[in-house]
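Each remark here refers to the structure printed beneath this line.
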Amino acid sequence: MSGTASLDPTAGEKGLPLRQESYRWNRGRYSRQRRFVDIWSFVLRLLGARWLYGKAWSYSGSMTPEAQAARRRQLAVWIRETLLDLGPTFIKVGQLFSTRADIFPLEFVEELSKLQDRVPAFSYEQAREIIEADLGKPIHNLYRTFDPIPLAAASLGQVHRAQLHSGDEVVVKVQRPGLRSLFTIDLSILKGIARYFQNHPSWGKGRDWMGIYEECCRILWEEIDYLNEGRNADTFRRNFRGEDWVNVPRVFWRLTSSRVVTLEYMPGIKISHYDALEAAGLDRKRLARLGAQAYLHQLLNNGFFHADPHPGNIAVSLDGSLIFYDFGMMGQVQPVTRQRLMSTFMGIAQRDAEQVMDSLVELGALAEIDDMSPVRRSIQYILDNFMDKPFEEQSINAISDDLYAVAYDQPFRFPATFTFVMRAFSTLEGVGKGLDPEFNFMEAAKPFAAQLMSNGNPTDGANSLLGELSRQAAQVSTSALGLPRRIEDTLDKLERGDIRVRVRSIETDRALRRISGVTMANNYAILVGAFTLSATVLLLSEFVWLAAVPGVLAVGTGVAFLRSVLKVNRADRLP
């Protein structure tokens with residue numbers, strides 16, 4: 001799902017039959033007015049579909065949970081296809097939103113995670129113009145040979161194979177022409193959409209749409225800066241310099257700019273081409289373990305990790321080592337974040353929902369609301385279900401699905417780093433199971449989890465016990481010192497009248513719903529009578545065509561009246 005074409009030499013296995021005219025955005029000239037119409041048309045159709053989703057009359061049968069789930073899946077497929085048609089900006093935004101299960105239903109997240117940006121290649125002449133403009137020399141002076149047919153093309157750029165005058169085999173990634181102009185237009189329109197959602201009385205509540213917009217802008221502008229990608233590749237290679245089972249392409253900096261990057265050509269077998277791996281005599285079980293080991297090494301030892309490790313970005317050399325490609329989207333875990341994650345893991349290990357909730361608030365993954373008890377119960381539910389099975393029998397996909405299901409429409413705000421990690425774990429678990437049906441990512445992660453729980457410092461049992469006692473003592477002392485301030489704050493709120501007591505009675509709620517239903521039924525009955533009387537008067541006055549209008553309205557309100565009566569009857573039968 002990376003925005004630039006994969007560097008896997010097998011990725012472009014003649015998968016470029018699309019024409020330049022396949023998409024309007026690929027014509028080279030971008031009209032702001034046309035983009036405004038296209039983008040807002042998509043948004044308005046999406047809002048219309050969301051409005052119809054809750055209307056029972058819009059379903060062919062009854063509005064059952066199964067029918068709603070089917071409609072969500074259908075809508076998710078339409079969104080994915082429309083984003084592809086809208087072009088690079090929206091392909092990338094869709095891929096970023098596939099990490100935001102705190103905003104979208106699970107069906108949307110799953111469908112957006114499938115968003116593949118295989119789009120038409122642009123011409124060799126355009127690629128040559130960009131290379132020569134950025135590197136300042138004719139292309140034949142820069143490269144001995146340059147293949148005019150790209151290996152692969154994606155939404156942000158494409159990859160060509162070439163050879164340097166020194167004899168080194170390389171690949172050259174060239175950014176799509178006019179991409180910055182398109183980003184500028186699209187992001188300015190998206191800002192207006194984000195502002196509209198932020199100010200909406202319902203959708204803006206509890207959602208930082210402008211913050212999400214700013215995060216998308218930052219990630220998008222970083223990803224189309226190939227100088228940044230080159231620095232990421234260098235950092236990634238340094239982090240694995242002591243490991244001979246991981247290879248990372250070298251960057252040729254004198255042939256690299258913000259729109260062009262030249263990297264070492266490292267051919268390999270795509271890690272998901274299982275038959276080719278077996279034909280090469282490679283051990284698939286070992287490769288599954290190495291994939292998990294490589295990612296956990298990135299995350300826990302360096303805190304700098306590949307945020308998009310899909311099969312197109314990982315290959316295997318003939319000697320059995322892993323090759324990583326495409327470093328446009330990387331994630332980083334700061335030391336302070338790792339410390340807070342430690343507190344979260346301790347709370348999970350102890351099934352302490354209160355500690356987990358507090359640490360998530362500190363991480364910024366959970367927004368504080370007036371009544372946190374429903375959130376605490378949700379966390380406790382997750383803990384109770386997770387701890388039913390041994391650690392090694394659990395599935396990353398099952399865990400992430402449960403997390404996302406609980407997070408949706410709750411005050412959880414998973415940071416991009418967290419969701420990148422969960423998505424990468426799920427992807428690698430799928431790749432691992434393809435290589436080895438018995439592979440379990442959680443089992444492979446056990447040694448690293450033990451390392452993390454000991455804070456990366458192997459200690460004996462006595463030291464571990466002392467460390468845990470000291471941590472617990474520090475926590476108790478912190479709570480004790482903070483208690484007077486908390487009591488004082490509570491008293492201040494009580495004096496100002498800021499403390500609210502929320503009481504919920506099921507019987508009272510039911511009675512109120514019944515009263516509301518009966519009131520609506522009465523209103524509909526009055527309207528039916530009024531429209532029927534009006535139609536009758538007009539009909540007797542020989543205004544037949546005018547009588548049809550209140551007649552139709554009488555029928556419509558009559559249907560609404562019957563539905564209201566049925567709803568009241570169903571509410572009365574509920575236990």
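In this text, all values refer to a predicted model and were calculated from it rather than measured experimentally.
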What residues, two or more places apart in sequence or in another chain, satisfy side chain to side chain donor-acceptor pair (under 3.5 Å) together with Arg50?
none
Closer than 3.5 angstrom, by distance alone: can the side chain of Arg176 be matched with the main-chain N or O of Ser155 as a donor-acceptor pair?
yes
Parallel under 30°, tilted from 30 to 60°, perpendicular over 60°: which one fits the rings of Trp245 and His297?
perpendicular
Using a strict threshold of under 4.0 Å (side-chain N to carboxylate O), is an ion pair present between Arg231 and Asp234?
no
For Trp221, the ring-ring contact (aromatic ring centres under 6.0 Å, His included) test, sequence neighbours excluded, returns Phe183
Is a side-chain donor or acceptor of Glu243 paired with a backbone partner of Phe240 at a separation under 3.5 angstrom?
no
Under-4.0 Å salt bridge between Arg73 and Glu111
no
So, Glu223 side chain and Gly328 main chain: donor-acceptor pair closer than 3.5 Å or not?
no
Quick one: does any side-chain atom of Gln158 pair with a main-chain N or O of Ala121 as donor and acceptor, under 3.5 Å?
no
One should read off an interatomic distance between Ser257 OG and Ile131 CD1, to the nearest 0.5 angstrom, of 9.0 Å
Please work out whether the ring planes of His306 and Phe236 are parallel, tilted or perpendicular, with thresholds of 30° and 60°.
perpendicular
Tell me whether Lys173 is salt-bridged to Asp326, with the criterion being a basic N under 4.0 Å from an acidic carboxylate O.
yes
Polar side-chain atom of Arg241 near backbone of Arg238 as donor-acceptor pair, under 3.5 Å:
yes
Are any of the side-chain nitrogens in Glu214 or Arg218 under 4.0 Å away from the carboxylate oxygens of its partner?
no
Verify, without hydrogens or angle tests, whether Thr82 (side chain) and Trp78 (backbone) share a donor-acceptor contact under 3.5 angstrom.
yes
Report yes or no: does Gln198 contribute a side-chain atom to a donor-acceptor pair with the main-chain N or O of Trp209 at less than 3.5 Å?
yes
As an exercise, state the distance from CZ of Arg254 to CG of Leu164, rounded to the nearest 0.5 Å.
6.0 Å
Quick one: does Arg71's side chain have a donor or acceptor within less than 3.5 Å of a partner on Leu52's backbone?
yes
